[in-house]
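For reference, the structure is listed below as C-alpha cells.
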Amino acid sequence: MPHLLELVDISKSFGGTHALKSVSISLQAGKLHAIVGENGAGKSTLIKTIMGVHQPDAGQMFVEGEPVKIANPSVARKLGFSAVFQDPLTYPHLSVLENIFLTDPILNKMGNLDFAAMERKIKPYCEQLGFDVKLLHREIRTLRLGHRQLVTILKALVEDARLIIFDEPTAILSAGEIDHLFKIIDYLKKNNRAVVYISHRLEELMRIADEATILTDGRTVGHRTKEELSIDDLLTKMSGKDMRDYQPDVRLSKPDGSRQPVVEVKQLGKQGQFENIDMQIWPGEVLGVYGQVGAGRSEVALSMFGMRAADRGEVWIEGRKVKIKHPKDAISKGIGYLPEDRKSQGVFSFQSISNNLISVVFRKLRGPLFSLNRRKTNELMEKYQKILSIKYGAPSDPISSLSGGNQQKVVLGRWMAEDLKLLILDEPTQGVDVMTKRQIHDLIKSLAAEGLAVLVISSDLPELLSVSSRILVMNRGRIVAEYDETQDDLAQKLLSSAVGIGGK
Amino acid sequence: MKSFGKSLNQYLALIILIVIVVVGANMLYPGATSIDNIYSMSTFGVEIGLIALGMTLIIMAGGGGIDLSVGAIYALTQIIAAYLMAEGVNMWAAVGIAILSGVFMGFVNGYMVTKLRIPAIIATLATMYVFNGLALLISNGVNIAGMPEEFAIFGQGVMFGNIPFQFIAIYLPALIIIGYLLSRSLFGYQLYLTGTNDASAKLAGINTDRVRLITYMLTGLLCAIAGIIGSSRLLTARPDAGDIMNLQAVTIAVLGGASIFGGRGTVIGTFLSTIVITLLAYICNLININAVMQTGAIGIILIVITLGQNNFGGLKRLKSVFLARKAV
Amino acid sequence: MSQTTAATRSGSMESLKHSFLMKYEFILFVLIALIVLFLSITTDGNFWNQGNLSSVLVSVSIVSIAAVGATLVIITSGIDISAGSVLGLTATVVALGGQHGLPLWLIIVSALATGCIAGFINGYLIAVHKVPAIIVTLGTLSIWRSAVFMLLGGSWGTDIPMEFSEWFIMTKLAGVPLIFWLVIVLVLVSGYMMNNRKWGRYIYALGNNEEATVFAGLPTKRLLVFIYVIAGLLVAVSALVSLGQSPIVQSSSGQGFELSVIAAVVIGGASISGGRGSIMGAFLGAILVELVRNAVILLHIQPFWTGVVMGVMIIIAVLVSLSRDKGGAN
C-alpha cells in the first residue's frame with residue numbers, strides 16, 4: 001500500500017541559500033513521523049512546501065502513489081493536509097466556533113449558518129481533546145495559547161485532515177498540557193491520520209515517535225524507526241559529521257573575578273517568555289548564548305535593551321542599578337543591540353548606506369545649527385568601510401544594493417562607532433556569506449580584546465564555539481547550563497542542554 | 001544626503017508638469033502667467049504651501065500619519081486672532097497667541113496619535129470637528145473683521161517692488177528652514193528613519209513617538225501662520241475657511257513625492273508641487289472654472305499619483321512596514 | 001456582534017456574561033434613554049411633539065441607512081469619507097431626472113445605480129490597486145462634489161418627484177414615521193445576516209486577519225469591492241429618503257454627511273482598525289448623534305456646539321474601544 005505522502009528528492013532555494021537539498025521523506029497514516037534537526041536545518045521550509053506555501057524547485061510529491069503539485073495552501077487543505085503552527089492564523093474577535101468553521105461552515109435549510117449543528121459536530125472532538133465546550137462561543141483572543149492550539153487541532157479534525165503537522169507544539173505548553181497533547185496525538189494515530197511532529201525536544205520524541213528523519217543543513221542525514229531511536233544517536237546525527245571533525249578555536253575560560261562585571265542581570269523575568277535570568281558579563285568577554293528557536297534568548301536581549309519591558313528583575317551596569325525603558329536609555333548607558341531580523345528590524349532599506357551606518361551615532365555628529373555634519377559623516381563612513389572592509393559603490397547608494405554580508409557589516413558598523421560597554425549580537429551571521437562570516441568573527445574577537453563585553457546569541461554552534469569565551473544555554477525561557485571550561489564533546493553537551501537533556 | 005540623481009528625476013517630472021501647465025495656461029488665456037499674475041498667485045499660494053509642508057512631514061513620518069484637521073486649525077487660529085484684535089488686544093500679542101494656540105492644537109493631535117494610540121485618521125477627523133466647532137462658537141458663525149490696519153501687512157504687504165510680503169518674509173524662510181530641517185538636521189534624519197522603518201528606528205534609539213509628535217506640532221504652527229496670512233489678506237477671518245485645504249495639502253504632499261508609507265519626501269518636491277497646484281487653481285479662476293471643479297480635478301490627481309506610486313514598488317514597502325510591525 | 005448573537009444562539013447565561021459587546025450596546029441604550037429622559041424634562045415635553053420627534057427619527061433613519069454600509073467598510077479596516085459627496089451626486093441625478101420628466105422608476109434605478117458605481121470605483125481602487133482607503137475616498141469626495149456642481153450648473157434642483165419618499169416619512173405607525181420602522185427592520189435583518197450568513201462572517205474575518213483569509217482561499221478582493229458597492233448603494237438610499245424630507249438639491253448637498261455616519265459607527269462600538277463592529281451599535285450610535293443634535297436645538301444652545309460635542313464623543317468612543325481591545329487579550 002502506498003504511503004499517504006511521499007516526498008522524493010525535494011530541493012528548494014531562496015536566493016543564494018539552499019534550504020532543502022534533495023530531501024526524501026515518506027509519511028504513513030496512523031504513524032507519527034518526527035522531523036528532527038537544528039535551527040536552520042530546513043524543517044520549516046519542508047513543512048511550508050508540504051502545505052503549499054512554497055513550491056519546490058526540484059523533486060516530486062506523491063499522495064497515495066499519485067503525483068501531485070501543491071500549488072497553494074488551498075490545494076494542500078483539499079488534500080487533507082493541516083498544520084498546527086506556533087502562531088496560528090486566527091481571527092481574534094471571532095468566536096472559537098467561527099474560527100473553526102469559517103472556511104467550511106455548516107448551513108441549515110435556509111442557507112443560514114447553523115451554529116447548533118456546528119457545535120454538535122465539534123462536540124465529540126472537544127470531548128476527545130478535553131476542550132471545554134463552553135469555550136466555543138468565546139472570542140478566541142481571550143483564550144490561552146494552549147487552548148488556541150487545541151482549536152487548531154479541532155479545526156484539523158473537523159476538516160477530516162489526513163495529515164496533521166505539528167510544528168514545535170510543546171514550546172508554549174505546560175507539562176500537564178503536554179501530556180494532554182500526547183493523548184490527543186495517540187487518538188489521532190488510532191484514527192488513522194498521519195502525524196508529522198517537528199521538535200528539538202528529544203525526550204518527547206522518544207515517547208511518541210514511530211519513526212524519525214534527521215535533517216541537517218537541508219539534507220536528510222538519517223532515518224530511524226522507533227526501535228532504532230536513541231537520544232545519543234539523534235544528537236550525534238543532528239550535530240552532523242562535520243561537527244566531530246570540526247576543531248574550533250575554543251578557548252573557554254572563567255571570567256576574571258577580580259574585576260567588576262560590566263553588566264549584571266538579576267532575576268529578570270517576563271511572563272510567558274523567560275524567567276530567573278541571572279547573568280554576568282565581564283569586560284573583554286564574549287559570552288555566547290545558545291539555544292533553540294523559542295528558548296527566549298532574543299526576548300531577554302530585547303528586554304535588556306529596553307524594547308520590551310520585563311515584569312521583574314534588575315539590570316546593573318558597572319555596579320549601578322539602571323532603569324531602561326526605551327532603547328535610547330540602553331544606548332545612553334552603553335548597551336548596543338544588533339537585531340535578529342536584519343530586514344525588518346535592522347536595516348532602513350531604501351535609505352543610503354551612510355544613513356544606515358550612522359543611525360546610532362548621529363547625535364555625536366552634530367554640526368552647527370542642529371545639523372548633521374557631512375564631513376564627520378563621511379569620515380566615519382570611510383573609517384568603517386576600511387575597518388569592516390565593506391564593499392559598496394558609493395556611500396549614497398541604497399543599502400539594499402549591498403549583499404547580505406555587507407549589509408550586516410553596515411549594521412554592525414553602526415554600533416562600533418558608538419561608545420559601548422556591552423554589545424549584544426543576535427544571530428550576527430545569519431544570511432551572510434562564508435568569508436564575511438569569518439570577518440565578523442574576527443571582528444568580535446578583536447572588539448573583546450579591546451575591552452568591550454560582547455553577548456552573542458546564536459543558533460550556529462560552530463560559530464559560538466569559535467568566538468565565545470563562555471557559553472550559556474537557554475531552554476524554555478531559562479538558563480539551563482553554563483560552560484566555562486574547554487572540554488571533550490563540548491558540542492554534544494551544548495546540544496543536549498539546548499534540547500533539554502541533562503544540565504551542567 | 002539623499003541620492004542626488006534620483007531626486008533630479010523626481011523634480012524633473014514636476015518641473016515638466018509646471019512647464020506644461022504654464023504653456024497650456026498661456027494658450028488658453030494669454031498673459032496668464034504675467035508677473036502681476038504670479039504675484040497674485042503667490043499671495044494665496046503661500047497659505048496652502050505652508051500647510052502642505054506640514055502635511056508632508058506628517059506623512060513622511062509614516063505609521064499611517066495624516067492630519068485631516070489642518071483646514072480647521074487654519075480657520076480656528078485666524079478666528080482667535082481676529083477675535084482678540086476685535087476686543088482690542090494688541091496685534092502682535094493676538095497673533096502670538098493665535099500661533100501658540102495652533103501649536104497646541106497640533107500637540108493635541110500628536111498626543112492622541114502617539115500616546116493614546118488613536119489612529120490618525122479618526123483622531124484628526126474628530127479634532128477637525130472640534131476645532132471647526134470652536135471656530136464657529138467663538139465667531140458666532142459670522143466672519144470677524146475689525147483688525148487694525150497694520151494687520152494687512154501679512155497678507156497684503158509688498159516688498160522689493162511688488163513681491164508679496166508673505167512670500168518673501170514667511171514662505172521662503174519657512175521653505176529654507178524646513179528644508180534644512182529635513183535634509184540637514186539631526187531631526188530630519190530621525191524623521192526619515194522613523195518613516196522608513198519604525199521598528200528599526202526604535203532599535204537605533206530614536207524616540208519615534210517624539211518625532212511624530214513634533215511633526216504634528218510643526219503642522220499646527222504652519223497652519224496657524226497660514227491662517228494669519230489668510231485673514232490678513234482679506235482683512236477678515238472666516239470660520240469656514242480652510243474647508244478644502246485637507247485635500248489640497250495631502251495632494252500636494254503626495255504629488256511632491258511624499259509616500260503614504262513613510263520615509264520619502266522632500267521640501268523641494270513639495271514646493272514644486274505647490275506651484276503646480278497653485279498654478280492650476282489660479283488658472284482655473286482666470287478661465288472661470290469654479291473652485292469646486294478644481295477640487296474635483298485635484299481629487300483625480302491625487303488618486304492617479306498614488307496609483308503610480310503603488311505600481312512602482314509601493315507594495316513591497318507596504319509589506320515590509322507590516323512585517324516590521326509584527327516583529328516588534 | 002459575534003458575542004451578542006453567540007449569546008442568543010446558545011442561550012446560556014454563561015455566554016452572556018462574557019459578551020463585552022452586549023454590555024457596550026446596553027450602555028448605549030442606557031445613554032439614549034437618559035438623554036431622552038433629560039430632554040423630556042428640560043423641554044417641558046417639547047421633545048415629544050410630533051414635528052420634533054418625526055424630524056429626529058427621520059434624520060436617524062437617513063444616517064442609519066448609510067451607517068449600515070459604513071459599518072461593513074469600517075469592519076474591514078477601511079473608511080469612506082466620500083459618502084457626503086455620493087449623497088449629493090445621487091440627489092443631483094434625481095433632480096436631473098425630475099427636470100427631464102423621466103419616469104419615477106427610472107429615476108430611482110438611476111439613483112441607486114449612481115451609488116453602486118461610486119461604491120464600485122472606491123472598492124476597485126482600494127481592493128485591487130491597493131490604494132489606501134483614505135486617499136481614494138478623499139479623492140472621490142472631491143470628484144463627485146465637482147460632478148454635482150457641473151451637473152447642477154451652479155443652480156438649485158427643485159423638480160424633485162419625491163412624493164413616494166415623502167410618503168414613507170409622513171405615514172406613521174404608532175406615531176412613528178414608517179421609514180423609521182423600515183430602518184429598524186433593515187438594521188435587524190442586516191445584523192442578522194452579518195451574524196448568520198457565511199458572507200457576514202467572512203467580512204468580519206477579513207477585518208480580523210486579511211492575510212489569513214487570503215491564505216484560506218477566500219475571495220477577499222471581490223468581497224471588499226462588494227462591501228464598498230453596498231456602502232455606495234445604501235448612501236444612495238439615504239439620499240432618496242433625505243429628498244423626501246427636503247426636496248431641494250444644491251451643490252453643497254450632503255456635505256459633512258460622512259462625518260455623521262462615521263461618528264455613528266465609531267460611537268456604536270466599531271473599532272476603527274477593523275475586526276469589530278455591529279450594525280445595531282451603529283444604529284444606536286446614529287440615534288445618539290441625532291439626539292445630541294436635537295438637544296442643541298431644543299435647549300437653545302448655540303448650534304456650533306454640535307461639532308465640538310460630536311468630536312469629543314468620537315474621541316471618547318475610540319478610547320473606550322481601544323481599552324476594550326486591550327482587555328480580554330491573552
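Numbers restart at 1 for each chain; the letters A, B, ... are given by sequence-line order, proteins then strands.
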Contact origin within Leu259(C) toward chain B - heavy atom pairs under 4.5 Å: both

Heavy-atom distance under 4.5 Å to chain B: side chain of Ile262(C), backbone, both or neither? side chain

The reported gap from CD1 in Ile118(B) to CD1 in Ile314(C) (rounded to nearest 0.5 angstrom) is 10.5 Å

Answer key: most heavy-atom pairs under 4.5 Å with chain C among Ile300(B), Asn132(B), Asn246(B), Ile301(B) is Ile300(B)

Hey, are the side chains of Ile303(B) and Ile143(C) touching, using non-hydrogen atoms and a 4.5 Å cut-off? yes

Please classify the contact between Leu138(C) and chain B as side chain, backbone, both or neither, with a heavy-atom cut-off of under 4.5 Å. both

Comparing Ile79(C), Val312(C), Leu125(C), Ile81(C) against chain B, the one with the most heavy-atom pairs below 4.5 Å turns out to be Leu125(C)

In terms of heavy-atom pairs under 4.5 Å with chain C, the winner among Thr127(B), Leu134(B), Thr295(B), Ile298(B) is Thr295(B)

Between OG of Ser323(C) and CG of Leu116(B), what distance do you get to the nearest 0.5 Å? 11.5 Å

Of the backbone (N, CA, C, O) and the side chain (C-beta and beyond), which part of Ile66(B) lies under 4.5 Å from a heavy atom of chain C, both, or neither? side chain

Between Leu319(C), Thr140(C), Val309(C), Thr306(C), which residue shows the highest count of heavy-atom pairs closer than 4.5 Å to chain B? Leu319(C)

Please classify the contact of Val131(C) with chain B as side chain, backbone, both or neither, using a heavy-atom distance under 4.5 Å. both

Using non-hydrogen atoms only, which part of Ile121(B) is less than 4.5 Å away from chain C: side chain, backbone, both, or neither? side chain

Compare every heavy atom of Phe304(C) with every heavy atom of Asn140(B), then report the nearest pair and how far apart it is. C-CE1, 3.3 Å

What residue in Val130(B), Thr251(B), Leu302(B), Leu137(B) has the most heavy-atom pairs under 4.5 Å with chain C? Leu137(B)

Under 4.5 Å heavy-atom distance to chain C, tell me which part of Leu125(B) shows up: side chain, backbone, both or neither. side chain

Flag, side chain of Ser146(C) to backbone of Gly296(B), donor-acceptor distance under 3.5 Å: yes

Could you pull out the closest heavy-atom pair between Leu247(B) and Ser142(C), with the gap in Å? CD2-OG, 2.6 Å

The interface call for Leu68(B) against chain C, heavy-atom contacts under 4.5 Å, is side chain

Compare every heavy atom of Leu322(C) with every heavy atom of Arg117(B), then report the nearest pair and how far apart it is. O-CD1, 3.6 Å

Can you tell which of Pro132(C), Gly139(C), Gly256(C) has the highest number of heavy-atom pairs within less than 4.5 Å of chain B? Gly139(C)

Above 12 or not: heavy atoms from other molecules or residues under 6.0 Å from CZ of Phe44(B)? yes

Return the option, out of Gly133(B), Ser139(B), Ala123(B), with the maximum number of heavy-atom pairs under 4.5 Å with chain C. Gly133(B)

Measure the shortest side-chain to side-chain distance between Val308(C) and Tyr129(B) over non-hydrogen atoms and say whether it is less than 4.5 angstrom. no

Structural part of Ile272(C) lying under 4.5 Å from a heavy atom of chain B: side chain

